[in-house]
Amino acid sequence: MRKIFVKTNNPYEIMVQKGIFKSCSEIIADFFSSRNTVIVTDETVYRIYGKTLKNKLLREGFKLNVFILKDGEQSKNLDNLSLLYEFLSKSQITRNDFIIALGGGVVGDLAGFAAASFLRGISFIQIPTTLVAQVDSSIGGKTAINIKSGKNLVGAFNQPSLVICDPDLLSTLSSKTFCDGMGEVIKYAASFSESLFTKLSKNNIYDILEEVIFDCIIYKKNIVENDERDFGNRMKLNFGHTVGHAIEKYNNYKNITHGQAVSIGMVYIMQQGEKLGITRKNETEKLKKLLKKFNLPTTVDISYEDIFYNSLSDKKRRGNNITIVTVSEIGKSHLLTLNLDEYKNFLSC
Ligand SMILES: NC(=O)c1ccc[n+]([C@@H]2O[C@H](COP(=O)([O-])OP(=O)(O)OC[C@H]3O[C@@H](n4cnc5c(N)ncnc54)[C@H](O)[C@@H]3O)[C@@H](O)[C@H]2O)c1
Ligand SMILES: [Zn+2]
């Protein structure tokens, strides 16, 4: 088994192994002395994995209830958070007890925020079941819900007590959801590691999945340990995201997934970088080739003005400045802070 120790303010361990889900009830029973828990999951994940987990935990002597969300981003809202608080209360969850988040980023973000705030904070475990959750959302302690004004606007930094990551769980994902996660995986490669980029280009992903997930977790862990609260280098995890978020917003979060938007965003930034001499020539072509391998789009019909105006609410904007991530060559990323006029010029050159 590969174990990663994340040295944040509240340190914790990430266990990565194909097939580990089968023994996760024993791991959880060893880890916690409490025998009272609530599993938070969504309908699809409950149907495929939730019932199994529930029965295994019952056999370990747990008393537990299951809170099931409808699938999808729209579930990450205040109404469901409020229902979850009541559910935790009725399930007699006390400060010694804990929550299990079994699912993708939607489940992890909502359950993690509930854990941060219920009784002023209880423990939670992440069992991520999507590629996005395994390489990104279950690590780093960002938890949040969406409100009408925007996505992830209410949340907390709250590290889990333990992450149990089983790459075998990804075998039931639709290929679209899997490829969406590959957008984030390629982001890590393009920003931090030429060798990961080459590995992804040369191999069948299913032959190297566990080690790729492990690599991505290490890149995120290293960044998060040095900038837990996202004031500096953690922004490097945002390669492709400023333009990507603008594209998602422009499309009202419909018809284009997050991974697809990030894919287009990375290409856009590198293309502009090449024109300005910030990015080495022909690097964008390499990136496009790898993205296409995973059916990710590299362009979309949107003007630079629309990208600009839809970037103005970006979380990486501070007053008149916005910080973007550029890539000088595959594996080497840099933060670039521009004022809004400079940013507009960068997008349009
Ligand atoms: N906290 C962070 O740092 C962070 C980072 C990245 C993304 N996020 C958040 O994560 C969310 C997106 O997460 P996501 O992409 O995992 O989407 P998701 O949680 O909506 O899952 C996508 C779909 O896959 C299904 N699914 C999940 N696991 C499955 C499995 N093993 N087999 C079959 N189907 C399965 C779900 O039911 C759902 O329909 C967004 O809300 C985003 O804001 C948070
Ligand atoms: Zn992302």
Side-chain angles (χ1 to χ4, degrees), residues 8 21 40-50 52-53 68-77 80 101-113 115-116 124 126-147 150-160 163 165-188 191 216-217 220-221 223-224 228-230 234-245 247-248 253 257-266 296 314-316 325:
T8 37
F21 182 70
V40 181
T41 188
D42 70 24
E43 285 173 353
T44 298
V45 178
Y46 182 66
R47 187 169 41 77
I48 310 177
Y49 301 109
T52 314
L53 178 62
I68 305 173
L69 296 163
K70 284 201 172 11
D71 289 15
E73 186 66 33
Q74 63 284 356
S75 285
K76 221 174 89 174
N77 63 31
N80 281 333
L102 173 72
V106 165
V107 165
D109 278 12
L110 182 100
F113 185 49
F124 81 114
Q126 294 260 25
I127 307 178
T129 64
T130 62
L131 185 53
V132 166
Q134 296 196 349
V135 300
D136 193 357
S137 61
S138 68
I139 320 139
K142 281 190 183 175
T143 68
I145 55 157
N146 306 325
I147 56 171
K151 280 180 66 173
N152 297 325
L153 289 187
V154 177
F157 286 95
N158 183 31
Q159 306 294 344
V163 182
C165 175
D166 183 347
D168 280 352
L169 301 186
L170 307 184
S171 63
T172 49
L173 281 181
S174 69
S175 97
K176 192 176 176 198
T177 309
F178 183 82
C179 289
D180 206 43
M182 282 309 297
E184 301 290 349
V185 170
I186 294 170
K187 174 199 77 177
Y188 286 111
S191 334
C216 292
I217 295 173
K220 182 149 184 184
K221 158 206 145 77
I223 289 271
V224 167
E228 194 171 339
R229 299 234 153 200
D230 203 5
R234 187 164 180 167
M235 285 194 241
K236 280 194 177 172
L237 295 170
N238 250 34
F239 177 46
H241 278 64
T242 302
V243 170
H245 286 148
I247 293 170
E248 284 183 279
Y253 300 93
T257 65
H258 176 69
Q260 290 170 340
V262 168
S263 170
I264 298 163
M266 292 190 288
L296 287 163
D314 194 276
K315 289 198 213 64
K316 300 300 174 263
V325 185

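Counting starts at 1 for both ligands and their atoms, following the listed order.
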Query raised in the report: Tell me: protein heavy atom nearest atom 36 (C) of ligand 1, and distance?
Result: D42 OD2, 3.2 Å
Query raised in the report: Given G72, S137, S171, which has its nearest heavy atom closest to atom 8 (N) of ligand 1?
Result: S137
Query raised in the report: Does K220 come within less than 4.0 angstrom of ligand 1, counting non-hydrogen atoms of the residue?
Result: yes
Requested in this report: May I ask you to check whether Q159 and E228 show a side-chain donor-acceptor distance below 3.5 Å?
Outcome: yes
Query raised in the report: Among protein heavy atoms, which sits nearest to atom 14 (P) of ligand 1, and what does the distance come to when rounded to 0.1 Å?
Result: G105 N, 3.6 Å
Query raised in the report: How about R234 and R229: do any of their side-chain heavy atoms sit closer than 4.5 Å?
Result: no
Query raised in the report: Which atoms of ligand 1 sit under 4.0 Å from any heavy atom of Y49?
Result: 31 (N)
Query - Pairing of K220 and D136 as salt bridge, 4.0 angstrom limit - result: yes
Query raised in the report: Is the shortest distance from a heavy atom of D109 to ligand 1 less than 4.0 Å?
Result: yes
Query raised in the report: If we only count heavy atoms from C-beta on, is the L237 to K187 side-chain gap below 4.5 Å?
Result: yes
Query raised in the report: Which is it for S75 and K70 under the side-chain contact (heavy atoms from CB on, under 4.5 Å) test, yes or no, and what are the steps along the way?
Result: CA-CA 6 Å; S75 285; K70 284 201 172 11; 3.8 Å; yes
Report summary line: Among non-hydrogen protein atoms, atom 43 (O) of ligand 1 lies closest to K76 NZ, 3.0 Å
Query raised in the report: With respect to the Zn ion (ligand 2), what is the nearest N, O or S atom of E184?
Result: OE2
Report summary line: In ligand 1, the atoms that come under 4.0 Å of a heavy atom of D71 are 37 (O), 39 (O)
**Report entry** D230 and K142 ion-paired at < 4.0 Å
**Finding:** yes
Query raised in the report: Any N or O of E73 that comes nearer than 3.5 Å to an N or O of ligand 1?
Result: yes
Query raised in the report: What atoms of ligand 1 come closer than 4.0 angstrom to any heavy atom of V45?
Result: 26 (N), 27 (C), 28 (N), 29 (C)
Query raised in the report: Is the side chain of E184 donor-acceptor paired with the backbone N or O of V132 at a distance under 3.5 Å, no angle test?
Result: no
Query - Protein heavy-atom partner closest to atom 33 (C) of ligand 1 - residue, atom, separation in Å - result: T172 O, 3.2 Å
Query raised in the report: Which ligand 1 atoms, with their elements, are less than 4.0 angstrom from a heavy-atom of T130?
Result: 14 (P), 16 (O), 21 (O), 27 (C), 28 (N)
Query raised in the report: Where does I48 meet ligand 1, judged by heavy-atom distances below 4.0 Å: at the side chain, the backbone, both, or neither?
Result: side chain
Query - Residue N152 vicinity, atoms of ligand 1 by number, heavy atom under 4.0 Å - result: 43 (O)
Query raised in the report: Is there a side-chain contact between T8 and V224, using heavy atoms and a 4.5 Å cut-off?
Result: yes
Report task. To 10°, measure the NE2(H258)-the Zn ion (ligand 2)-NE2(H241) angle for me. Result -> 100°
Report summary line: Distance col, row Y46:OH vs D42:CG, nearest 0.5 angstrom, shows 12.5 Å
Report task. Mark yes or no for whether Q126, through its side chain, and L102, through its backbone, hold a donor-acceptor pair below 3.5 Å. Result -> no
Query raised in the report: Looking only at heavy atoms, is any part of I139 under 4.0 Å from ligand 1, and if so is it the side chain, the backbone, or both, or is it neither?
Result: neither
Report summary line: Scanning both residues in full, the closest heavy-atom pair of I217 with I139 reads CG1-CD1, 3.8 Å
Requested in this report: Mark whether atom 25 (C) of ligand 1 lies under 4.0 angstrom from at least one protein heavy atom.
Outcome: no
Query - Beyond-backbone contact of F21 with L53, side-chain heavy atoms, under 4.5 angstrom - result: yes
Query raised in the report: Which atoms of ligand 1 are found less than 4.0 Å from any heavy atom of G104?
Result: 16 (O), 19 (O)
Query - ligand 1 atoms in contact with D136 (distance to a heavy atom under 4.0 Å) - result: 5 (C), 6 (C)
Report task. Tell me which part of T129 gets within contact of ligand 1: side chain, backbone, both or neither, using heavy atoms under 4.0 Å. Result -> both
Query raised in the report: Hey, which atoms in ligand 1 end up nearer than 4.0 Å to a heavy atom of K142?
Result: 1 (N), 2 (C), 3 (O)
**Report entry** Winner among T44, V132, L69 once heavy atoms are compared against atom 15 (O) of ligand 1
**Finding:** V132
Query raised in the report: Just by distance, with hydrogens left out, do T143 and N158 show a side-chain donor and acceptor under 3.5 Å apart?
Result: no
Query raised in the report: Going by atom types alone, do Y49 and T41 pair a side-chain donor with an acceptor below 3.5 Å?
Result: no
Report summary line: Looking only at protein heavy atoms, what sits closest to atom 20 (O) of ligand 1 is V106 CG2, 3.3 Å
Query raised in the report: For atom 23 (C) of ligand 1, what is the nearest protein heavy atom, given as residue, atom name and distance?
Result: T177 CG2, 4.3 Å
Requested in this report: Write out the residue and atom name of the closest protein heavy atom to atom 35 (C) of ligand 1, then the distance separating them to 0.1 Å.
Outcome: L173 CD2, 3.5 Å
Query - Residues N146 and E73: side-chain donor-acceptor under 3.5 angstrom - result: yes
